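As the structure is a prediction and not an experimental result, all values here were calculated from the model.
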Amino acid sequence: MPSDATILIVDDHEDTLYALESALAPLGYQVSRATSGDEALKQVLRGRVGLLLLDVRMPGVSGLEVVRYMRRVEQTQHIPVVLLTGFGPDHELTSAAFGLGVADLVMKPIDPWALRTKVRFLYDAHQRQQTLEQEVRELRALVKGHTDTTRRPPRTGLPLPDARVPPQRDIPRAAPAREGT
């Protein structure tokens with residue numbers, strides 16, 4: 001994930017977007033916004049989102065539909081999502097959300113301190129995970145490149161000597177000792 005990945009907040013109410021932006025401002029992360037599920041999906045597919053704060057109930061594409069789509073697409077399936085709801089506890093919603101791998105389900109009105117703590121942890125953990133995955137890809141490429149160049153058979157048709165075993169030299173043997181002399 002690029003270090004300039006944004007936190008995308010999605011809600012169909014401008015006042016909620018403003019409140020979320022204000023709550024997240026002290027963290028210093030880049031924040032972008034969307035007012036619909038369709039708009040959120042477009043931004044997520046552009047590849048610059050490191051965390052998604054997503055309202056559950058919006059006109060058109062709902063928050064759960066956005067998450068369902070994201071989980072089917074390889075490039076977006078591991079982006080952490082925090083669902084936001086203003087309709088109180090709902091067992092079916094909770095079950096569906098966590099079944100889709102949502103990181104958390106938060107009730108509105110939102111406690112800014114708790115939200116910042118969750119966002120900081122999820123965003124930073126996702127960024128560390130992306131960095132590790134990139135390092136693994138780079139190491140695999142190096143190993144593959146090294147293996148490809150060191151194990152190529154020579155043009156003579158003879159196998160390459162194993163670099164770990166030093167070449168053997170003929171060492172003259174001492175004459176056997178005679179008994180009785």
Asks: Can you name the residues that form a side-chain hydrogen bond (donor to acceptor under 3.5 Å, both in side chains) with Asp12, not counting sequence neighbours?
Replies: none
Asks: To the nearest 0.5 Å, tell me how far Leu83 CG sits from Leu93 CG.
Replies: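 Leu83 atom CG to Leu93 atom CG measures 7.0 Å (nearest 0.5 Å).
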Asks: Check whether Tyr18 and Leu8 end up in the same hydrophobic cluster, where Ile, Leu, Val, Met, Phe, Trp and Tyr are linked by side-chain heavy atoms less than 4.5 Å apart.
Replies: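 In one cluster: no.
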Asks: I need the Glu21 CD to Leu53 CG distance, nearest 0.5 Å.
Replies: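 If I round to the nearest 0.5 Å, the distance is 11.0 Å.
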Asks: Given side-chain contact (heavy atoms from CB on, under 4.5 Å), test Val102 with Leu54 step by step and report yes or no.
Replies: CA-CA 10 Å; Val102 168; Leu54 180 63; over 6 Å; no
Asks: Are Arg46 and Gln43 close enough that a side-chain donor and a side-chain acceptor fall under 3.5 Å?
Replies: no
Asks: Can you confirm whether Leu51 sits close enough to His126 that some side-chain heavy atom of one is under 4.5 Å from a side-chain heavy atom of the other?
Replies: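 Side chain of Leu51 against side chain of His126, heavy atoms only: no contact under 4.5 Å found.
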Asks: Under 4.5 Å between any side-chain heavy atoms of Tyr29 and Asp124, yes or no?
Replies: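 Yes, at least one pair of side-chain atoms sits under 4.5 Å.
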Asks: Would you check, one step at a time, whether the test side-chain contact (heavy atoms from CB on, under 4.5 Å) holds for Val10 with Glu39?
Replies: CA-CA 9 Å; Val10 186; Glu39 189 181 342; over 6 Å; no
Asks: State which residues pass side-chain contact (heavy atoms from CB on, under 4.5 Å) with Arg140; sequence neighbours excluded, sorted by chain then number.
Replies: Val136
Asks: Taking all heavy atoms of Gly50 and all of Pro80, pick out the closest pair and write down the distance.
Replies: O-CD, 3.5 Å
Asks: Give me the atom names and distance for the closest heavy-atom approach of Glu14 to Thr35.
Replies: OE2-CG2, 3.7 Å
Asks: Any ring-ring contact (aromatic ring centres under 6.0 Å, His included) involving residues 32-63? Give me the pairs, sequence neighbours left out, ordered by first then second residue.
Replies: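 Listed by first then second residue: nothing to list.
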Asks: Under 3.5 Å, sequence neighbours excluded: what are the donor-acceptor pairs made by side chains of residues 63-72?
Replies:
| residue | atom | partner | partner atom | Å |
| --- | --- | --- | --- | --- |
| Glu65 | OE1 | Ser62 | N | 2.7 |
| Glu65 | OE1 | Ser62 | OG | 3.4 |
| Arg71 | NE | Leu100 | O | 3.0 |
| Arg71 | NH1 | Gln77 | O | 2.9 |
| Arg71 | NH1 | Ile79 | O | 3.1 |
| Arg71 | NH2 | Ile79 | O | 3.3 |
| Arg71 | NH2 | Gly101 | O | 3.4 |

Asks: Donor-acceptor pairs under 3.5 Å, side chain of residues 103-115 to any protein atom, not counting sequence neighbours: which ones?
Replies:
| residue | atom | partner | partner atom | Å |
| --- | --- | --- | --- | --- |
| Asp104 | OD2 | Lys118 | NZ | 2.6 |
| Lys108 | NZ | Asp11 | OD2 | 2.7 |
| Lys108 | NZ | Asp55 | OD1 | 3.2 |
| Asp111 | OD1 | Trp113 | N | 3.1 |

Asks: Is there a donor-acceptor contact under 3.5 Å linking the side chains of Gln134 and Gln130?
Replies: no
Asks: Quick one, Asp90 and Thr85 - any side-chain contact, counting heavy atoms below 4.5 Å?
Replies: no
Asks: Please give me the minimum heavy-atom distance between Val61 and Met58, naming the atom from each residue.
Replies: O-CE, 3.8 Å
Asks: For Arg120, which residues count as a salt bridge (Lys or Arg N to Asp or Glu O under 4.0 Å) partner, sequence neighbours excluded?
Replies: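 None.
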Asks: Can you check whether Gln129 reaches His78 side chain to side chain, under 4.5 Å on heavy atoms?
Replies: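 Contact flag for Gln129/His78 side chains = no.
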Asks: Quick one: pull up CZ in Arg33 and CD1 in Ile7 and give me the separation to the nearest 0.5 Å.
Replies: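 With rounding to 0.5 Å, CZ (Arg33) is 14.0 Å from CD1 (Ile7).
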Asks: How about CD on Glu138, more than 12 heavy atoms from neighbouring residues, nucleotides or ligands closer than 6.0 Å, or not?
Replies: yes
